[in-house]
Amino acid sequence: MLDNLTLYEHLPEKQFQHLSAQFAREPAYRYIGLKLRDLRRGFCATVTTVSNDLHHHRGAVQGGIIAMIADATAGYTALASLDVEAMYDDMATIEFKTSFFRPGAAKELICVSNLVHGGNRTLFCAAKIYLDEIGDNQLCADATLTFWGLLRLSAE
């Protein structure tokens with residue numbers, strides 16, 4: 001999926017800086033080591049270096065952590081899909097489905113997400129979580145998420 005990045009246009013610099021800084025400030029993301037790898041209009045990629053703190057008793061990353069990574073990555077896909085002038089500046093997850101294909105036993109989890117459909121206020125995104133590298137044989141989980149635009153609280 002990272003091979004097709006030319007399909008996704010770069011964000012305006014101000015929007016990219018704002019969203020990147022917002023992502024970096026998220027306490028839960030920092031706790032699990034989630035880092036922004038790429039952010040474009042309708043696309044986001046993240047990476048997490050797996051620590052033992054994220055494992056369950058069987059030695060793989062706990063499924064809730066994998067789901068959180070999908071939610072975070074797709075959420076920023078949705079945010080990056082909004083125009084700078086949009087009346088919405090945040091997203092709430094209103095529907096979420098995750099399918100798990102293999103245990104999260106890896107050194108890194110890589111998540112890539114894209115916008116599937118955007119309406120006036122709802123956005124539908126897909127996310128894939130891979131073990132260590134992107135490839136069909138490394139697919140750990142697949143998620144679909146629907147987001148609802150939250151009204152802008154203040155003008156910036």
Side-chain angles (χ1 to χ4, degrees), residues 1-55 61-98 104 106-134 140-156:
M1 184 170 223
L2 289 178
D3 295 336
N4 297 327
L5 285 180
T6 55
L7 300 174
Y8 303 98
E9 67 183 71
H10 289 279
L11 295 173
E13 186 63 24
K14 183 177 178 181
Q15 185 181 19
F16 177 79
Q17 292 300 328
H18 171 75
L19 291 175
S20 296
Q22 180 178 304
F23 187 97
R25 286 190 308 268
E26 292 284 350
Y29 303 172
R30 288 196 323 264
Y31 181 77
I32 66 167
L34 187 62
K35 303 247 188 281
L36 194 59
R37 180 184 252 188
D38 200 351
L39 185 63
R40 298 173 187 234
R41 178 91 48 225
F43 176 84
C44 184
T46 60
V47 64
T48 304
T49 300
V50 175
S51 70
N52 289 337
D53 291 341
L54 305 181
H55 288 172
V61 176
Q62 202 276 339
I65 299 292
I66 292 169
M68 176 186 170
I69 292 167
D71 185 41
T73 307
Y76 274 82
T77 295
L79 285 169
S81 300
L82 298 175
D83 290 329
V84 177
E85 300 83 25
M87 59 190 301
Y88 311 110
D89 67 350
D90 206 353
M91 292 285 138
T93 307
I94 59 172
E95 183 273 334
F96 188 161
K97 180 189 183 304
T98 305
K107 293 179 181 167
E108 284 187 334
L109 296 176
I110 301 163
C111 185
V112 293
S113 174
N114 66 291
L115 178 70
V116 175
H117 178 76
N120 289 334
R121 193 160 182 184
T122 57
L123 295 101
F124 184 80
C125 298
K128 294 184 180 299
I129 299 92
Y130 297 94
L131 306 173
D132 293 319
E133 63 185 56
I134 295 174
C140 173
D142 189 36
T144 56
L145 303 95
T146 306
F147 297 93
W148 179 259
L150 299 177
L151 292 173
R152 187 176 297 278
L153 296 177
S154 64
E156 291 188 47

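For the pair W148 and T146, the minimum side-chain heavy-atom distance is 4.5 Å or more. Taking 4.5 Å as the limit, some side-chain heavy atom of D71 sits within range of a side-chain heavy atom of F147. Considering only heavy atoms from C-beta on, L82 comes within 4.5 Å of M91 through its side chain. The closest side-chain heavy-atom distance from L109 to V47 is not below 4.5 Å. The side-chain heavy atoms of L115 and Y8, taken from C-beta on, include no pair separated by under 4.5 Å.
The main-chain N or O of A106 is never found under 3.5 Å from a side-chain atom of D132 such that the two would form a donor-acceptor pair. Side-chain atoms of S113 never come within 3.5 Å of backbone atoms of C44 as a donor-acceptor pair (strictly under, hydrogens ignored). Listed for the T46 side chain is no donor-acceptor partner under 3.5 Å among the backbone atoms of K35.
F23 and Y76 have perpendicular rings, their planes meeting at more than 60° on a 0 to 90° scale where under 30° would count as parallel.
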Start with the C-alpha distance between Q22 and L79, add both sets of side-chain angles, then the distance that settles side-chain contact (heavy atoms from CB on, under 4.5 Å), and finish with yes or no. CA-CA 11 Å; Q22 180 178 304; L79 285 169; 3.7 Å; yes
Verdict with reasoning, I129 to I110, per side-chain contact (heavy atoms from CB on, under 4.5 Å): CA-CA 6 Å; I129 299 92; I110 301 163; over 6 Å; no
Carefully, step by step, assess E108 and T49 under the rule side-chain contact (heavy atoms from CB on, under 4.5 Å). CA-CA 5 Å; E108 284 187 334; T49 300; 4.0 Å; yes
Determine, step by step, whether R41 and Q15 satisfy the side-chain contact (heavy atoms from CB on, under 4.5 Å) criterion, reporting the C-alpha distance in whole Å, the side-chain angles of both residues, the deciding distance to 0.1 Å, and the verdict. CA-CA 10 Å; R41 178 91 48 225; Q15 185 181 19; 3.3 Å; yes
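For the atom pair L11 CG and D83 CG, the distance stands at 10.5 Å (nearest 0.5 Å). Note that CZ of R121 is 10.0 Å distant from CD1 of I94, once rounded to the nearest 0.5 Å. Atom OG1 of T73 and atom CZ of F43 lie 9.5 Å apart (nearest 0.5 Å). Atom CG of D53 sits about 9.5 Å away from atom CD1 of I65, to the nearest 0.5 Å.
The minimum heavy-atom distance linking L36 with S20 is given by the pair CD2-OG, 3.7 Å. When all heavy atoms of I66 and A141 are compared, the closest pair comes out as CG2-CB, 3.9 Å. Shortest non-hydrogen contact noted between G42 and S81 is CA-OG, 3.3 Å. Across A74 and L145, no two heavy atoms sit closer than the pair CB-CD1, 3.5 Å. The two residues D38 and R40 make their nearest non-hydrogen contact at OD2-NE, 3.1 Å. Listed here is the closest heavy atom pair of L39 and A80: CD1-CB, 3.6 Å.
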